Number of protein chains: 2
Amino acid sequence: MLKIGELAALASVSRDTLRFYEKHGLITPGERNDAGYRLYSETDVHRISFIMGAKEVGFTLNEIHQLLELEVTKDEKSCHDIKQFVDAKISIVNQRLAEIKRIKKSLQTLSSACCGGDEPATHCTILEALSEQTN
Amino acid sequence: MLKIGELAALASVSRDTLRFYEKHGLITPGERNDAGYRLYSETDVHRISFIMGAKEVGFTLNEIHQLLELEVTKDEKSCHDIKQFVDAKISIVNQRLAEIKRIKKSLQTLSSACCGGDEPATHCTILEALSEQTN
DNA sequence: ATAAACCCTGGAGTACAGTCTAAGGTCAAT
DNA sequence: ATTGACCTTAGACTGTACTCCAGGGTTTAT
């Protein structure tokens with residue numbers, strides 16, 4: 001079992017952030033010791049890793065909460081309900097994926113158009129790179 | 001040339017958002033008419049599309065500003081400088097790409113583990129899906 | 001045994017990204 | 001010529017996601 005500072009270090013977040021996430025129902029330590037210290041399990045490590053990952057790709061804490069809530073509500077919901085919810089999220093993820101690929105392509109076009117030398121970069125612009133793409 | 005409401009409708013943002021972006025140096029209409037109305041060009045349409053796309057994949061307005069500023073500062077900077085900056089951004093984009101693929105995989109594992117029927121979804125959890133992955 | 005390093009709660013403060021309101025000017029249609 | 005839909009600014013307000021602080025208790029190392 002990890003204390004809050006240990007999990008915080010592991011996940012590269014602050015203690016305050018973990019307590020903030022707890023207040024908003026994203027992650028609750030399974031136990032507390034006699035002094036009231038939070039004690040986090042292995043599962044909590046996975047959980048915070050999922051949260052950080054989802055956050056990084058643009059899910060809000062609210063959306064992440066919904067995703068994680070699937071775990072809590074699983075017994076009350078049918079497979080059908082969950083499949084529908086998850087498939088809706090997958091389609092959002094696919095949109096994000098397409099968008100990030102578009103951005104990457106723009107940046108790569110820009111980078112490769114750039115000779116990398118010392119001359120002024122008169123023709124290096126994101127917008128030019130974007131407009132050269134057939135999207 | 002488009003008026004603010006027209007560009008707003010095109011980009012699915014509010015007029016206020018466009019003015020807010022302007023205040024923060026992201027997009028400035030090339031012209032104003034006699035009454036002081038903002039008039040946006042074709043380039044501005046591309047620009048707002050880039051902004052929305054970058055935002056969607058998790059860039060902050062500040063980061064987007066930096067990306068777009070390449071255009072403005074191009075003459076003062078060498079190709080070398082710009083290439084370095086852009087390549088750094090590409091590596092951030094690659095991280096985001098990897099992360100969103102991880103999320104997508106979790107969701108897909110979850111979805112396909114789900115029979116889709118009417119029974120309670122006892123084994124449908126994001127965390128189970130995550131822990132089944134070899135990452 | 002005592003200081004440093006950790007933990008607790010509650011609440012205030014901050015940065016970012018809008019969003020809304022007030023008070024007024026402009027434009028197009030009836 | 002006047003109504004309604006648009007535009008202007010400045011500034012107040014909101015929601016999200018932290019971040020910090022005060023005032024206290026606990027644990028660990030010397």
Side-chain angles (χ1 to χ4, degrees), chain A residues 1-41 44-45 47-69 92 96 99 103, chain B residues 1-41 44-45 47-69 92 96 99 103:
Chain A
M1 299 299 255
L2 302 170
K3 280 187 284 182
I4 196 167
E6 293 164 338
L7 181 60
L10 217 85
S12 307
V13 297
S14 73
R15 285 167 257 258
D16 276 334
T17 297
L18 288 177
R19 285 188 279 250
F20 176 80
Y21 285 173
E22 182 174 342
K23 201 159 80 187
H24 290 75
L26 290 174
I27 185 166
T28 311
E31 291 180 44
R32 295 273 185 139
N33 72 8
D34 289 352
Y37 286 23
R38 290 166 179 82
L39 295 175
Y40 295 95
S41 69
D44 293 324
V45 176
R47 201 175 173 89
I48 195 71
S49 145
F50 178 79
I51 294 170
M52 299 319 287
K55 227 176 63 65
E56 205 162 292
V57 299
F59 281 105
T60 66
L61 295 191
N62 226 301
E63 289 173 313
I64 296 169
H65 187 249
Q66 290 182 332
L67 287 170
L68 288 165
E69 218 169 36
I92 291 176
R96 290 227 227 285
E99 199 52 61
I103 300 285
Chain B
M1 299 299 255
L2 303 168
K3 281 186 283 182
I4 196 167
E6 293 163 338
L7 181 61
L10 217 84
S12 307
V13 296
S14 72
R15 285 167 255 257
D16 277 332
T17 297
L18 288 176
R19 285 188 279 251
F20 176 80
Y21 286 173
E22 182 174 343
K23 202 159 78 186
H24 291 75
L26 291 173
I27 186 165
T28 312
E31 291 181 43
R32 297 269 185 144
N33 70 9
D34 289 353
Y37 287 22
R38 290 166 178 81
L39 296 175
Y40 295 95
S41 69
D44 293 324
V45 177
R47 202 175 173 90
I48 196 70
S49 145
F50 179 80
I51 293 171
M52 300 319 286
K55 228 175 63 64
E56 206 164 291
V57 298
F59 282 105
T60 64
L61 295 191
N62 226 302
E63 288 173 314
I64 296 168
H65 186 248
Q66 289 183 332
L67 286 170
L68 287 166
E69 217 167 38
I92 292 175
R96 291 227 227 284
E99 199 53 61
I103 302 284

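Naming convention: chains lettered A, B, ... in sequence-line order (proteins, then strands); numbering from 1 in each chain. On a predicted model such as this, the values are computed, not experimentally measured, just so you know.
- Contact check of residues 17-25 of chain B against DNA chain C (heavy atom, cut-off under 4.0 Å) returns B/Thr17, B/Phe20, B/Tyr21.
- Side-chain contact between B/Leu68 and B/Ile51 is present, with at least one heavy-atom pair separated by less than 4.5 Å.
- With rounding to whole Å, B/Arg32 atom CZ is found 19 Å from D/dC6 atom P.
- Taking the ring centre of B/Phe59 as origin, the terminal cationic atom of B/Arg96 falls inside the region bounded by 6.0 Å and 45° from the ring axis.
- Using five terminal pairs a side, the axes of the helix from C/dA1-D/dT30 to C/dT30-D/dA1 at its two ends make an angle of 10°, given in steps of 10 degrees.
- Distance, B/Glu31 CD to D/dT8 C1': 18 Å, rounded to whole Å.
- Annotation: side chain of A/Leu39 is not in contact with side chain of A/Arg32 (no heavy-atom distance under 4.5 Å).
- To the nearest 0.5 Å, the span separating OG1 on A/Thr60 from NE2 on A/His65 amounts to 11.0 Å.
- As rounded to whole Å, 12 Å separates atom P of D/dT16 from atom CD of A/Glu63.
- In this structure, the side chains of B/Tyr40 and B/Ile48 stay at 4.5 Å or more apart for every pair of heavy atoms.
- In this structure the side chain of B/Leu61 reaches within 4.5 angstrom of the side chain of B/Tyr21, judged on heavy atoms.
- In this structure, of D/dT27, C/dG25, C/dA17, it is C/dA17 that holds the atom nearest to the side chain of B/Leu61.
- Between the CG atom of A/Leu2 and the P atom of C/dC7 there is a distance of 11 Å, given to the nearest Å.
- Rounded to an integer number of Å, the gap from A/Ile64 CD1 to D/dA17 C1' is 11 Å.
- In this structure, of D/dC6, D/dT27, D/dT16, it is D/dT27 that holds the atom nearest to the side chain of A/Lys3.
- Between B/Asp16 atom CG and D/dT8 atom P there is a gap of 10 Å when expressed in whole angstrom units.
- Of the two residues near DNA chain D, A/Ala35 and A/Ser14, the one whose nearest nucleotide lies more 5' is A/Ser14.
- To the nearest angstrom, C1' of C/dA5 lies 12 Å from CD of A/Glu6.
- To the nearest angstrom, P of D/dT19 lies 14 Å from CD1 of A/Ile4.
- The side chain of B/Arg15 contributes no N or O atom lying less than 4.0 Å from OP1 or OP2 of C/dG18.
- For the side-chain contact (heavy atoms from CB on, under 4.5 Å) with B/Ile64, the qualifying choice from B/Glu69, B/His24, B/Lys55 is B/Lys55, the only one to do so.
- In this structure, A/Arg15 CZ and A/Ile4 CD1 are separated by 8.0 Å, a value rounded to the nearest 0.5 Å.
- A salt bridge between A/Arg19 and A/Asp16 is present, with a side-chain N of the basic residue lying under 4.0 Å from a carboxylate O of the acidic one.
- Side-chain contact between B/Pro29 and B/Glu22 is present, with heavy atoms from C-beta onward closer than 4.5 Å.
- Between A/Arg38 and C/dC6 there is no side-chain polar atom (N or O) within less than 4.0 angstrom of OP1 or OP2.
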Sub-3.5 Å pairs of nitrogen or oxygen atoms, protein against nucleotides 13-15 of chain D:
none

